[in-house]
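Chain letters run A, B, ... following the sequence lines, proteins first, then strands; residues in each count from 1.
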Number of protein chains: 2
Amino acid sequence: MAVTAQQIAELAGVSRGTVDRALHNRGRVNPEVAAKIHKIAAELGYKPNLIGQALVKSRREFKLGAILQSVETPTIQIVRAGVQRAAEELAASGVELIMRENRGLDTEMVLEHIEELVSQGVQGLAIAPNNSPEIRQCIDELYEQGIPVITLNSDAPGSRRLAFIGMDNYRAGQTAAGLLRLMLPEGGKVLPLAGHLNNTAHNNRLNGFMDTINGETGNEIELLAFQPCFDRDDYAHEITQHALRANPDLTGIYVASNGQAGACAAVEEEGRKGKVKVVAFDLNPMNMELLQSDSLSFVLDQKAFEQGYRPPFLLFDYLQNRKAPEKELLYTDIAIKTKFNSDKPVGME
Amino acid sequence: MAVTAQQIAELAGVSRGTVDRALHNRGRVNPEVAAKIHKIAAELGYKPNLIGQALVKSRREFKLGAILQSVETPTIQIVRAGVQRAAEELAASGVELIMRENRGLDTEMVLEHIEELVSQGVQGLAIAPNNSPEIRQCIDELYEQGIPVITLNSDAPGSRRLAFIGMDNYRAGQTAAGLLRLMLPEGGKVLPLAGHLNNTAHNNRLNGFMDTINGETGNEIELLAFQPCFDRDDYAHEITQHALRANPDLTGIYVASNGQAGACAAVEEEGRKGKVKVVAFDLNPMNMELLQSDSLSFVLDQKAFEQGYRPPFLLFDYLQNRKAPEKELLYTDIAIKTKFNSDKPVGME
DNA sequence: ATGAAAGCGCTAACAG
DNA sequence: CTGTTAGCGCTTTCAT
C-alpha cells in the first residue's frame with residue numbers, strides 16, 4: 001500500500017488533521033511541526049490518494065451549464081456527445097450539468113440561455129458562441145460575477161473567457177494550403193470557397209490558406225477570387241461550375257465551409273474529377289463518402305469530441321481547486337484524413 | 001445529490017448490505033426483495049458512485065508488469081511516458097507496476113524479464129514483443145497460468161494475448177500509398193525502403209503499400225524493387241543515391257522503417273529535392289525537422305503515448321472486473337502529419 | 001436470508 | 001495551535 005496521511009501522523013506524533021493542514025499549508029499549525037510533517041512526507045514520498053480526495057470533495061455540489069449552437073450539424077453532434085460523456089463522468093463528483101442547444105446561430109437565444117442558466121445558479125459555463133459583441137460583453141459580465149466561461153468549437157476572442165478549446169483555424173488553412181501545394185507540383189489555379197466572411201472561423205481558415213498557398217519555393221499557384229457560398233451546396237455548385245468552365249487550368253478547390261458536396265458534384269459533372277483536387281473540412285458521414293469515392297482528396301478534421309469533453313472538467317478543476325487551464329488557447333489537433341485513415345480509431349475521440 | 005444505495009435501502013425497508021447484494025446479483029437475498037430493490041433502483045435511476053466503488057476496491061492490491069524494447073528510439077520513449085503516466089494514475093487504485101526495458105530487440109531478455117516479473121508475482125503483463133515463436137509460446141503459457149498479457153506497439157499475432165494495441169501497419173502502408181498517389185498525378189517510379197523483411201511491422205507496411213500504390217484509376221506508378229536498409233541511414237543513403245541516378249523519373253520514396261534521413265540527404269545531394277516526394281514514419285524530432293525543411297512531405301505517426309497508457313488500465317479492468325477489452329485488435333489512429341500540423345496539440349497524447 | 005458494523009483515505013467542523 | 005469526530009458511498013465480513 002502507498003503511504004497515507006495517517007501513517008505520517010503517527011510518525012510525526014500528531015493527528016491526521018494536523019497533517020492535512022500542514023501539507024496543504026492551511027495555516028493554524030506550529031511551523032516546526034509543519035516542517036517536520038513536510039519532511040516526513042517528502043521522505044516517504046507521500047502522494048495524497050486521489051480517490052479519497054475525490055470522495056470527500058464530492059460532497060460539494062457544482063452546477064455547470066453548457067450552451068451549444070448549430071446542433072443540427074454532424075460536428076456539433078460529436079461535440080455534444082463529448083459534453084454528455086463528461087457530464088456522466090462528473091456526476092460522481094457531485095457535478096450537475098445543464099445543457100441548452102440551438103439550431104443554427106442565434107445571438108439572442110444564447111443570451112437568453114445564459115441568463116436562464118445563471119438564474120438557475122450555474123457556477124460555470126461552457127459556450128459555443130458566435131462572434132458577436134453582445135456575447136463577448138456578456139462573457140465579461142459573467143467574469144465580473146465570478147462565473148468562469150470556456151468557449152468551445154468557436155471562440156469569443158477578446159472576451160474574458162477562461163479558455164477557448166477548438167481548432168486553430170488559421171493553422172488549418174495553412175495545412176490545407178500545404179496539402180494542395182503537395183498535390184499540385186505543376187501549379188495551376190485554385191478556387192477558395194467559404195461561407196460568409198463574417199464567420200470568424202471561415203475567415204481565419206481563408207487567411208491561413210491565402211498566406212500560405214504560395215510558399216517560398218516552387219510551383220506557382222494562382223488564387224482565384226474568393227467566393228462566398230453561404231454553406232450551401234447549390235451555391236457552391238454554381239460557383240464551381242463557373243470557375244471550372246472559365247478556367248481550364250483550375251487544379252484545386254479549397255472549401256473552408258460547407259458546400260463541398262456541391263463543389264464535388266460540379267467537378268464530376270464537368271468531367272474533371274481527379275484533375276481537380278478538393279480539400280474540405282470535418283469528417284462527417286458525407287465527407288467520408290466523398291473521400292471513398294475520390295471526390296475529396298483530403299478532409300481536415302477537428303477533435304470535436306474533445307472540444308465538448310474537456311470544458312466541464314476544466315470548469316470543475318477551476319471551481320474546485322482554483323486551477324485555471326494551462327493556456328488560454330487550447331488548440332485541438334488538426335487531423336488530416338484520406339480515404340485510408342478515415343475510419344474511427346480506438347478510444348474515445 | 002445523486003441517489004445512493006442507502007436511499008434505496010430505506011425505501012425498500014432493508015439494509016445497504018442487502019441492496020448491494022441484490023443489485024450485484026450476489027445471491028443470498030430473497031428473490032422478492034431483490035426484485036423490489038431492482039425496481040426501486042431502476043425507478044430512481046440509481047448509478048453506483050464510481051468514486052465510492054473505487055475507494056473500497058483500492059484495498060485489493062494488484063501487481064502489474066510492463067516490458068518495453070528498443071527504448072533507445074524516440075517513439076518508445078513516448079510509449080514509456082504513457083506507461084509511466086498510467087502507473088501514476090493507477091497507484092491510487094492499489095496498483096503497483098514494475099517496468100523492465102531493453103535496448104534493441106532481444107528475445108532472450110524479454111523471456112528473462114517475463115520470468116522475473118512472474119516470480120515477483122505480477123498478475124498481468126504489458127509487453128512490446130518481437131515476433132518470435134518463443135515469445136508467442138511464452139504468452140500462451142502465461143495465459144494458461146491465468147496471467148493476462150497485452151501486447152503493445154508490436155504484436156505477437158496468433159498468441160493468446162488479451163489484446164494488441166498499436167498501429168495497423170497494413171493500413172498505414174495503404175495510407176502512405178494513397179498520399180504518394182495524390183502527390184504524383186503524372187505517375188513515375190517509386191522506391192520502397194524498409195528495415196528487414198522479417199520485421200512484421202515493416203513487412204505489413206510494405207504489403208499495404210504495394211497493394212495500393214496502383215489503384216483502380218489514373219496514374220501509373222512503377223514500383224522499384226524493394227530494398228532493405230536495415231534501419232540505417234548510410235544504407236538508405238546509398239540505395240537512394242543509386243536509385244536516383246538510375247531512374248531520372250523517380251518521383252517518390254516510401255520509407256517504412258528508419259533510414260529516412262539518409263534517403264532525404266541523397267535526394268538533396270542529387271538536386272532532386274521537391275521533385276522527389278518522401279513519406280516516412282513516426283513524428284520524432286528529426287522527422288519534424290525534415291518536415292520543416294520540406295525534405296519530407298508527410299510523416300505517418302502512431303499514437304505512441306496511448307499505446308503505453310492504455311494497457312495498464314485494460315489489465316486492471318480485466319483483473320478487477322473480469323472485463324476484457326472490446327476488441328482483440330485495438331488499432332490506434334494513423335495520423336498524417338505535414339509541416340503545418342506537426343506541433344503537439346493540447347491534451348495528453 | 002438479512003442486518004450491523006467496519007473501514008477504504010481524505011477533509012472539514014468543532015472543541016478544546 | 002491541535003486533536004477528535006463525523007462522514008463521503010461503497011463493499012465486505014461477521015453475526016444473527
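Take the nearest nucleotide of DNA chain D for B:Gly17 and for B:Ile51: the residue whose nucleotide is more 5' is B:Ile51. Residues B:Val56 and B:Val29 both approach DNA chain C. Their nearest nucleotides, taken by heavy-atom distance, put B:Val29 toward the 5′ side.
Put simply, B:Gln53 has a side-chain N or O that comes within less than 4.0 Å of OP1 or OP2 on D:dT11. When the side-chain nitrogen and oxygen atoms of B:Tyr46 are compared with OP1 and OP2 of D:dG9, none of them lie within a distance under 4.0 Å. At D:dT2, none of the side-chain N or O atoms of A:Thr18 fall inside 4.0 Å of OP1 or OP2 (strictly under the cut-off).
For the pair B:Ile8 CD1 and D:dT11 C1', the interatomic distance rounds to 15 Å; values are reported in whole Å. Put simply, CD1 on A:Ile37 is 14 Å from P on C:dC10, counting in whole angstrom units. A:Asn25 places its CG atom 15 Å from the C1' atom of C:dT11, with the value rounded to the nearest Å. Note: CD (B:Glu10) to P (C:dA4) measures 12 Å, nearest angstrom. For the pair A:Gln6 CD and C:dC10 C1', the interatomic distance rounds to 11 Å; values are reported in whole Å. Look at CD on A:Gln320: it is 9 Å from P on C:dA12, rounded to the nearest Å. Between the CZ atom of B:Arg16 and the P atom of D:dT13 there is a distance of 16 Å, given to the nearest Å. A straight line from NZ of B:Lys57 to C1' of D:dT12 spans 12 Å, rounded to a whole angstrom.
The shortest side-chain heavy-atom distance between B:His38 and B:Asn25 falls under the 4.5 Å cut-off. Side-chain contact between B:Phe313 and B:Leu90: present, with at least one pair of heavy atoms (C-beta onward) separated by less than 4.5 Å. Side-chain atoms of B:Val110 and B:Pro129, non-hydrogen and from C-beta on, never get closer than 4.5 Å to each other.
The side chain of A:Thr4 has C:dG9 as its nearest neighbour among C:dT11, D:dC10, C:dG9. Closest to the side chain of A:Leu55, out of C:dC10, D:dT11, C:dG9, is C:dG9. The side chain of B:Asp20 approaches D:dT11 more closely than any other nucleotide in the set C:dA12, C:dG9, D:dT11. Comparing atom distances between the B:Asn49 side chain and each of D:dG9, D:dC8, D:dT11 picks out D:dG9 as nearest. Of the candidates C:dG3, C:dC10, D:dC1, D:dC1 carries the atom nearest the A:Pro31 side chain, counting heavy atoms from C-beta on.
Residue B:Ser58 is classed as having no contact, given no heavy-atom separation below 4.0 Å to the nucleic acid. Residue-level contact check: B:Gly13 touches the backbone only, with heavy atoms under 4.0 Å from sugar-phosphate atoms and none from bases. As judged by a 4.0 angstrom heavy-atom cut-off over every strand, A:Arg60 is placed among residues making no nucleic acid contact.
Crowding of A:Glu72 atom CD: a count of heavy atoms from other residues, nucleotides or ligands under 6.0 Å exceeding 12. Enclosure of atom CD in B:Glu43 by more than 12 non-hydrogen atoms of other residues, nucleotides or ligands within 6.0 angstrom is indicated.
A salt bridge is absent between A:Lys36 and A:Glu32; no separation between the charged side-chain nitrogens and carboxylate oxygens falls under 4.0 Å.
Side-chain atoms of A:Arg21 come within donor-acceptor range of the base of D:dG3, with a qualifying N/O pair under 3.5 Å.
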